[in-house]
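Please read the structure below before turning to the comments.
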Amino acid sequence: MLISYEELSSVKKVMEVEIPAELVEAESRRVTSEYGRQVKVPGFRPGKVPASVVRSGFGKEIQDEILNRLLPLSFREILTEKGLETVGEPHVENVSPLIDGAPVKYKVEFEVKPQFDLREYRGLETDDPKIEVTDEDVDKMVERFREQASVYRQETERGLEDGDFAVIDITATPEGGEPKTEGGHFRLGEESPLPELHDALRGRKPGEQVSFDKTYDETAKNEEFRGKSVRHDVTLKEIRVQEKPEVNDDLAKSAGGWDSVAVMREAISKEIRHYREHEAQELKRKHLGDRLVADHHFEAPDAMVAEEVNRALNRYASFMASQGVDVEKAEIDWNKMGEEFRPDAVKRAKRSLILEAIARKESLTVSDVEVDAEVRRASKEADRDFAEVKHRLRHDGGYESLRESLLRDRALDLVVKESRAREP
């Protein structure tokens, strides 16, 4: 029974609930009976333990079980009566003790999905860029194939020229510091944080040594160099000259199995066009999603925003790990980063709610077959067993979450399909 109901905001609610004594007593008898059939007590046959003995020996466990059943049940019943859909976990407090013949009262604070008027989502204007692929675009990709198929020969007769690769040992000695030697290689003439190195080695032959000094400012990447003059002693060990293959049918065959240069260029052109069309479509989806958020004004539940922030942080952590960063040891202020991610998280939470509303209005659905197809695709990519992945998703709620995600995508597909190109 609802005692009081207060709206703290459009999404935050608090209410006091009373569970009638007769319901508490009925559930108490039911739980006690179940325990009596399960527990083993010396001197009594299984299933024949008196209720008084059960309550005496397992009173705390029985009370916890009663509350674990009655509180969620009563909470869901009131939500159904009021037509509310919660998000996140409710916060329960002030639960009264279980006393024979007395009702149970408790207070619960929770968040709900906001109610809002769905604005127009058909016929929204969006940019529809013209997709073009030029010969220059294809040439750049062919040049990549040439780069990948290149061979490198050592040059010993002449000095280092722009475009050559220099293999070096370099010893850096900061003023008042210890020398440190490193090996490396670079391409002469390319943009570099140490252009003095290029100037010093240009025209030099393998085996020659050069030296130069450089004074670094306070923004130097190496902390030991900041504000100091550093002496650099360099030995040119090798000169490697890149030799690219000619653009002919042999290159076409080795690069992608194409029969000729003409077939290769046509295939490259189609691939570039496909990529740009996909990119343009994704930009259109983002623009229209942002437009939906801008057209609707309501409060996003903190629980949904927090979930979006956590997803963003997890994606960032995965990216950092992929770059070789030890995330556990890295000095990252996750709280500050979470605050930086929050504005976009709010937008994503609102967009999800709007797309859910569109899906309901349009009676859109996603079948089990479609969800299974997505699970099968993801399982294959991760080299996991489909049945195992599906079972895990069914168990932890991920299966229905995936269905909801696909449903939102379907709603956005509808918005994109019904959009119209902006007039030039």
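All values derive from a computational prediction rather than experimental measurement. The residues of the chain are indexed from 1 along the displayed sequence.
Here the NZ atom belonging to K350 is positioned 11.5 Å from the CE atom belonging to M304, to the nearest 0.5 angstrom. Atom OH of Y216 is separated from atom CZ of R226 by 12.5 Å, given to the nearest 0.5 angstrom. The line from OG1 of T156 to CD1 of I239 is 8.5 Å long, rounded to the nearest 0.5 Å. Put simply, CD on E388 and CG on L393 are 10.5 Å apart, with the number rounded to the nearest 0.5 Å. The CZ atom of R122 lies 4.5 Å from the CD atom of E418; values are rounded to the nearest 0.5 Å. Expressed to the nearest 0.5 Å, how far CG of D295 lies from CG of L124 amounts to 6.5 Å.
For F116 and H297, the distance between ring centers is not under 6.0 angstrom. A ring-centre distance under 6.0 Å is found for F75 and F110.
At distances below 3.5 Å, not a single donor-acceptor pair connects side-chain atoms of T235 with backbone N or O atoms of D169. With D64 contributing its side chain and E61 its backbone, the two residues share no donor-acceptor pair below 3.5 Å. Of the possible polar contacts, none joining the R231 side chain to the T173 backbone as a donor-acceptor pair under 3.5 Å is found. For the pair E77 (side chain) and T80 (backbone), a donor-acceptor distance under 3.5 Å is absent. Although no hydrogens or angles enter the test, the distance criterion places no donor-acceptor pair under 3.5 Å between the side chain of Q148 and the main chain of F145. Between the R394 side chain and the Y399 main chain, no donor and acceptor come within less than 3.5 Å of each other. Under the 3.5 Å distance criterion, the side-chain polar atoms of S419 are matched with a main-chain donor or acceptor of V416. A distance-only check finds a donor-acceptor pair linking the side chain of H296 to the backbone of R119 [under 3.5 Å]. The backbone N or O of E147 lies less than 3.5 Å from a partner atom in the side chain of S150, making a donor-acceptor pair. At least one donor-acceptor pair under 3.5 Å links the side chain of S401 to the backbone N or O of G397.
The number of heavy-atom neighbours closer than 6.0 Å to CD of E381, taken from other residues, nucleotides and ligands shown, is above 12. No more than 12 heavy atoms of other residues, nucleotides or ligands sit less than 6.0 Å from atom CG of D117. For E178, the CD atom sits in a loose shell: 12 or fewer heavy atoms of surrounding residues, nucleotides or ligands are nearer than 6.0 Å.
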### CA sep, side-chain torsions, deciding dist, call: R69, E27, salt bridge (Lys or Arg N to Asp or Glu O under 4.0 Å)
CA-CA 8 Å; R69 294 184 185 185; E27 193 62 39; 3.1 Å; yes
### Task
Give the intermediate values and the outcome of side-chain hydrogen bond (donor to acceptor under 3.5 Å, both in side chains) for residues E175 and S229.
CA-CA 6 Å; E175 184 180 0; S229 176; 5.2 Å; no
### Task
Go through the steps to decide whether E143 and K244 satisfy the test salt bridge (Lys or Arg N to Asp or Glu O under 4.0 Å), and finish with yes or no.
CA-CA 9 Å; E143 192 62 20; K244 299 179 183 179; 2.4 Å; yes
### Task
Carefully, step by step, assess D302 and K12 under the rule side-chain contact (heavy atoms from CB on, under 4.5 Å).
CA-CA 9 Å; D302 285 340; K12 291 184 179 180; 3.0 Å; yes
### Task
Could you give me the CA-CA distance, side-chain angles and deciding distance for V14 and V108, then say whether side-chain contact (heavy atoms from CB on, under 4.5 Å) is met?
CA-CA 6 Å; V14 61; V108 57; over 6 Å; no
### Task
Go through D127 and K284 one step at a time and tell me if the salt bridge (Lys or Arg N to Asp or Glu O under 4.0 Å) criterion holds.
CA-CA 7 Å; D127 294 324; K284 183 185 292 187; over 6 Å; no
### Message
Please evaluate residues L84 and I78 with respect to the criterion side-chain contact (heavy atoms from CB on, under 4.5 Å), reporting the C-alpha separation (whole Å), side-chain torsions for both, the decisive distance (0.1 Å), and the verdict.
### Response
CA-CA 9 Å; L84 299 174; I78 294 175; over 6 Å; no
### Query
Step by step, would you call E266 with S269 a side-chain hydrogen bond (donor to acceptor under 3.5 Å, both in side chains)?
CA-CA 5 Å; E266 182 181 359; S269 179; over 6 Å; no
### Task
Begin with the C-alpha distance, continue with both residues' side-chain angles, and end with the deciding distance and a verdict on salt bridge (Lys or Arg N to Asp or Glu O under 4.0 Å) for R153 and E155.
CA-CA 6 Å; R153 64 172 176 81; E155 174 60 58; 2.9 Å; yes
### Task
Begin from the C-alpha positions of L313 and W334 and carry the test side-chain contact (heavy atoms from CB on, under 4.5 Å) through to its verdict.
CA-CA 8 Å; L313 290 173; W334 294 105; 3.8 Å; yes
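Looking at heavy atoms from C-beta onward, L98 lies out of side-chain contact with S28 at the 4.5 angstrom threshold. In this structure the side chain of D372 never reaches within 4.5 angstrom of the side chain of R377, judged on heavy atoms. The shortest distance between side-chain heavy atoms of L355 and R351 falls below 4.5 Å. With a 4.5 Å cut-off on side-chain heavy atoms, R376 and S379 do not count as touching. Within the 4.5 Å cutoff, side-chain heavy atoms of M15 are placed close to those of V17. L402 has its side chain within reach of E374: a pair of non-hydrogen atoms, C-beta onward, lies under 4.5 Å apart. For the pair E279/I131, no side-chain contact is recorded, criterion being any heavy-atom separation below 4.5 Å from C-beta on. Put simply, the side chain of L251 does not reach to within 4.5 Å of the side chain of E246, judged on heavy atoms.
A salt bridge links E308 with R348: the distance from a Lys NZ or Arg NE/NH1/NH2 to an Asp or Glu carboxylate oxygen falls below 4.0 Å. Under the 4.0 Å criterion applied to side-chain N and carboxylate O atoms, E271 and R273 are not assigned as salt-bridge partners. Between R403 and E400, at least one side-chain nitrogen of the basic residue sits less than 4.0 Å from a carboxylate oxygen of the acidic one, meeting the salt-bridge criterion. Classification of D199 and R202 as a salt-bridged pair holds, one side-chain N sitting under 4.0 Å from a carboxylate O. Note on R342 versus D344: no salt bridge recorded, every NZ/NE/NH1/NH2 to OD/OE distance being 4.0 Å or above. At a threshold of 4.0 Å, the pair D413-R408 does not count as salt-bridged, since none of the basic side-chain nitrogens sits closer than that to a carboxylate oxygen. Ion pairing between a basic and an acidic side chain is recognised when a charged N comes within 4.0 Å of a carboxylate O; D409 and R285 show such pairing. Using a 4.0 Å cut-off between a side-chain N of Lys or Arg and a carboxylate O of Asp or Glu, D249 and K253 do not qualify as a salt bridge.
A cation-pi arrangement is not found for K13 relative to Y5, the charged atom failing to lie both closer than 6.0 Å to the ring centre and inside a 45° cone about the ring normal. At least one cation-pi condition fails for R240 and Y152: the charged atom is not both under 6.0 angstrom from the six-membered ring centre and inside a 45 degree cone around its axis.
Of the N and O atoms on the side chains of R187 and Q242, at least one donor lies less than 3.5 Å from an acceptor on the other residue.
Ring-plane geometry between H232 and F212 is classed as parallel, the angle between the planes falling under 30 degrees on a 0 to 90 degree scale with a further cut at 60.
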